[in-house]
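Report on the structure given below.
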Amino acid sequence: MRRSISLIPQRVSPIIRFSFPQRCVPFTTIQKLILPEDNYESTTSQHYAASSPCFLLLSKCTNIDSLRKAHGLLTGNGLMDDLSCATKLVSLYGSIGYTKDARLVFDQIPKPDFYSCKVMLGCYVLNKESLEVINFYGFEWKHGYNDIVFSKALKACTELQDLENGEKIHCQIFKVASPDNIVLTGLLDMYAKCGDVKSAHRVFEELTLRNVVSWTSMIAGYVKNDLQREGLCLFNRMREESVSGNEVTYGVLVTACTKLGALHQGKWFHGCLIKSGIELSSCLVTSLLDMYVKCGDINNARRVFSEHSHVDLVMWTAMIVGLTHNGRANEALSLFQRMKGVGIKANCVTIASVLPGCGLVGNLELGRSIHGLSIKVGLWDTNVANALVHMYAKCCQNRDARYVFEMESEKDLVAWNSIISGFSQNGSVHEALFLFHLMNSESSVTPNGVTVASLFSACASLGSLAIGSSLHAYSLKLGFLASSSVHVGTALLDFYAKCGDAESARAVFDTIEEKNTITWSAMIGGYGKQGDTKGSVELFEEMLKREQKPTESTFTSILSACSHTGMVDEGKKYFSSMYKDYNFTPSTKHYTCMIDMLARAGELEQALDVIEKMPIQPDVRCFAAFLHGCGMHSRFDLGEVVIKKMLDLHPDDASYYVLVCNLYASDGRWSQAKEVRNLMKQRGLSKIAGHSMMESEFSAIG
DNA sequence: CTAGGGTTAG
């Protein structure tokens with residue numbers, strides 16, 4: 001059928017016929033809007049007479065200008081009383097993002113029907129205005145419900161994390177309808193995302209028909225709420241019921257492995273994916289990449305990264321974050337530079353991910369330039385600001401940290417924690433404590449476990465038993481330890497251990513339910529610090545028995561414990577076990593322990609042998625340990641051999657000269673010590689004397 | 001109706 005302007009007078013258009021000429025609307029305007037003859041059919045609504053000229057006019061409007069023009073035209077001619085026109089207008093405004101205009105039109109409809117209400121709701125849904133969806137649903141909905149309306153309303157609750165309204169909708173669903181599978185899956189998803197896994201599971205169990213989507217949704221719900229093991233169990237059940245997973249399912253499972261640190265299991269899922277021939281979407285590739293890199297399997301991460309043809313921003317970011325988490329911040333930073341070189345533009349997430357790396361390696365220059373960049377291109381949100389605060393603090397730029405912090409209009413919990421933890425770590429312990437005081441007195445933000453964990457480590461470096469133990473009492477009162485969080489517990493344990501109170505440390509250790517390697521290592525180190533090598537060794541053996549995997553730093557703790565009490569044989573055993581059984585490459589720290597251990601025990605030839613044969617460059621601590629041993633055992637002959645070598649290697653570093661001075665002084669050779677001091681002066685070197693601190697006043701533990 | 005990367009803690 002030919003539909004053109006010539007048909008209009010013959011169709012149902014008394015209004016047009018009478019009103020347009022009367023109001024002197026230039027006919028050409030409408031002509032221009034309506035004229036194209038193509039695609040008329042495709043823009044018709046099933047609900048309204050396609051022939052309505054108003055509708056015809058509107059169906060040609062594709063941008064805000066033409067729509068506003070048409071809107072004015074219709075209003076001016078009193079055509080807005082027509083329900084179909086008004087509804088179409090609502091839908092069009094909504095489709096191009098003008099929900100406020102849509103609502104204005106909707107509110108002028110004298111008697112909106114079910115369809116027009118649905119269209120209005122659809123506008124909010126389309127533009128992800130979840131709050132409006134809920135408001136509209138709650139207050140204006142008078143026209144009955146159907147599954148689609150329920151689904152949309154539930155989705156809005158999910159996005160808003162609005163469990164309360166979600167529960168109300170749940171009640172309504174069963175009052176008025178027998179919902180279909182899609183509504184029920186939406187309901188399950190709402191509960192899961194709002195953190196109510198129990199209700200989600202109840203809905204899931206009551207489902208008569210479980211498909212991939214409902215299984216996946218339930219598994220994802222578990223994983224989102226940190227119940228990875230339950231998620232994996234459910235996957236087994238799913239397989240028993242012969243439902244096979246799709247790419248979404250595997251994505252969720254891989255994420256579960258990442259959270260568990262279960263590299264082996266994750267690899268197995270990767271294998272399943274390859275075998276099943278499921279195509280790897282970017283989401284899935286990112287999950288795999290994230291899993292490998294966060295589990296420390298950098299090689300496989302790199303393989304996934306380089307084998308994927310379109311590496312997008314999210315993948316780059318995942319890789320940067322993973323490297324940083326694995327103590328490879330420098331590689332992360334160079335990856336960030338490479339990403340810019342490839343022409344991929346960072347967003348807020350990337351910025352917030354790179355900054356911790358800058359703080360970790362103390363790359364203030366890059367940190368500052370990122371700060372500048374994010375201001376210049378407007379990449380700014382709370383997370384970026386918080387990351388900047390922490391970066392500046394880590395780089396000892398307290399003023400800058402404080403500046404960015406003060407500039408934040410709404411300081412959230414993370415903002416306070418960022419500055420407090422940053423100051424705690426850079427040695428500005430009193431500033432950290434002062435900010436904690438401000439946080440309590442001048443903000444509405446309540447501290448959490450992260451806050452006190454930071455402060456515990458601050459107290460540890462201050463050696464302040466008094467402040468630390470009152471903070472312990474405070475934490476008990478506020479319940480930060482009741483949930484037996486590993487983080488807080490380990491920080492507290494470490495605090496007592498570093499203050500030399502191994503007994504209290506052990507008491508805390510025993511209350512931590514889910515101990516991890518860091519917990520064990522801290523306790524092993526705690527015994528060592530107190531000279532209780534037996535305690536260290538026993539705990540280390542127990543750790544192995546419980547199948548807790550030691551890390552490099554666990555070996556540092558145990559080796560240093562052995563060195564304190566001269567347990568040379570045990571030390572040698574653990575050192576060789578470290579690289580033979582656990583495949584760890586010994587670091588300078590490990591070598592230092594060995595040198596210290598041998599030197600204290602008087603095995604100075606062996607110690608010298610270690611220095612000469614170690615595959616990495618010995619640092620100042622290695623030499624210090626050796627020279628200390630030389631002093632202890634009056635082997636100045638060996639000492640002088642090393643001194644010469646050492647000063648040749650590091651002629652400009654004052655700390656090495658100090659070692660030499662100390663050695664001469666320990667033998668009472670003051671004149672030679674003075675000579676070295678003079679040599680330092682000549683070369684323009686100076687060193688601030690180091691000091692250690694320990695509070696002598698002890699108070700009861702709260 | 002289900003799926004990817006982020007800031008603070010040991």
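Proteins come first, then strands; the chains are lettered A, B, ... in the order of their sequence lines, and each starts at number 1.
At a cut-off of 3.5 angstrom, counting only N and O atoms as typed in the model, there is a donor on one side and an acceptor on the other between the side-chain of N516(A) and the base of dG10(B). For N347(A) against dG5(B), a side-chain N or O and a base N or O form a donor-acceptor pair under 3.5 Å. Checked by distance alone, D312(A) brings a side-chain donor or acceptor within 3.5 Å of a matching partner on the base of dG4(B).
Taking the side chain as every heavy atom from C-beta outward, M543(A) and K515(A) never approach each other to under 4.5 Å.
Within 4.0 Å (heavy atoms only), S214(A) reaches no atom of the nucleic acid at all. Within 4.0 Å (heavy atoms only), T451(A) reaches no atom of the nucleic acid at all. Across all strands shown, A491(A) has heavy atoms under 4.0 Å from sugar-phosphate atoms exclusively, and none from any base. Using a 4.0 Å heavy-atom distance criterion, H487(A) is classed as a base contact. As judged by a 4.0 angstrom heavy-atom cut-off over every strand, K394(A) is placed among residues making no nucleic acid contact.
Taking the side chain of S217(A) as heavy atoms from C-beta on, and the options dT2(B), dG10(B), dG6(B), the nearest nucleotide is dT2(B). Of the candidates dG6(B), dC1(B), dG4(B), dG4(B) carries the atom nearest the S287(A) side chain, counting heavy atoms from C-beta on. Side-chain atoms of P356(A) lie closest to dT8(B) of the nucleotides dT8(B), dG6(B), dT2(B). The side chain of M315(A) sits closest to dG4(B) out of dG6(B), dG4(B), dG10(B). Considering only side-chain atoms of A318(A), the nucleotide from dG4(B), dC1(B), dG5(B) that sits closest is dG5(B). Minimum atom distance to the side chain of V213(A) is reached by dC1(B), of the listed dT7(B), dG5(B), dC1(B). The listed nucleotides are dT8(B), dA3(B), dG4(B); the one nearest the side chain of V248(A) is dA3(B).
The distance between atom CG of L313(A) and atom C1' of dG6(B), rounded to the nearest whole Å, is 11 Å. Atom NE2 in H472(A) sits about 17 Å away from atom P in dG10(B), given to the nearest Å. Put simply, CG on L184(A) is 15 Å from C1' on dT2(B), counting in whole angstrom units. Look at CZ on F336(A): it is 19 Å from P on dG5(B), rounded to the nearest Å. As a whole-Å value, the separation of F436(A) CZ from dA9(B) C1' is 14 Å. Protein atom CG of L253(A) is 12 Å distant from nucleotide atom P of dG4(B), rounded to whole Å. The distance from atom CD1 of I518(A) to atom P of dG10(B) is 9 Å, rounded to the nearest whole Å. Spacing between atom CG of L388(A) and atom P of dT8(B) amounts to 11 Å, rounded to whole angstrom units.
If you look at F509(A) and W520(A), their ring centroids are closer than 6.0 Å.
Taking side-chain N and O atoms only, H325(A) has no distance below 4.0 Å to OP1 or OP2 of dG6(B). The side chain of T317(A) contributes no N or O atom lying less than 4.0 Å from OP1 or OP2 of dG6(B). OP1 or OP2 of dA3(B) has at least one side-chain nitrogen or oxygen of K193(A) nearer than 4.0 Å.
Remark: M439(A) CE to S444(A) OG distance equals 10.0 Å, nearest 0.5 Å.
Annotation: proximity of residues 414-427 of chain A to DNA chain B (heavy atom, distance under 4.0 Å) is found for V414(A), N417(A), S418(A), S421(A), Q425(A), numbered in ascending order.
Under 4.0 Å is where a charged nitrogen must lie from a carboxylate oxygen, and between R368(A) and D400(A) at least one such pair does. Using a 4.0 Å cut-off between charged side-chain N and carboxylate O, E307(A) and R302(A) make no salt bridge. The residues R402(A) and E406(A) are annotated as salt-bridged, a charged nitrogen and a carboxylate oxygen being separated by less than 4.0 angstrom.
For E410(A), the CD atom counts as loosely surrounded, since its 6.0 Å shell holds 12 or fewer non-hydrogen atoms of other residues, nucleotides or ligands.
With sequence neighbours left out, R237(A) forms a salt bridge (charged side-chain N to carboxylate O under 4.0 Å, His left out) with E205(A). With sequence neighbours left out, the side chain to side chain donor-acceptor pair (under 3.5 Å) criterion links Y292(A) to H270(A).
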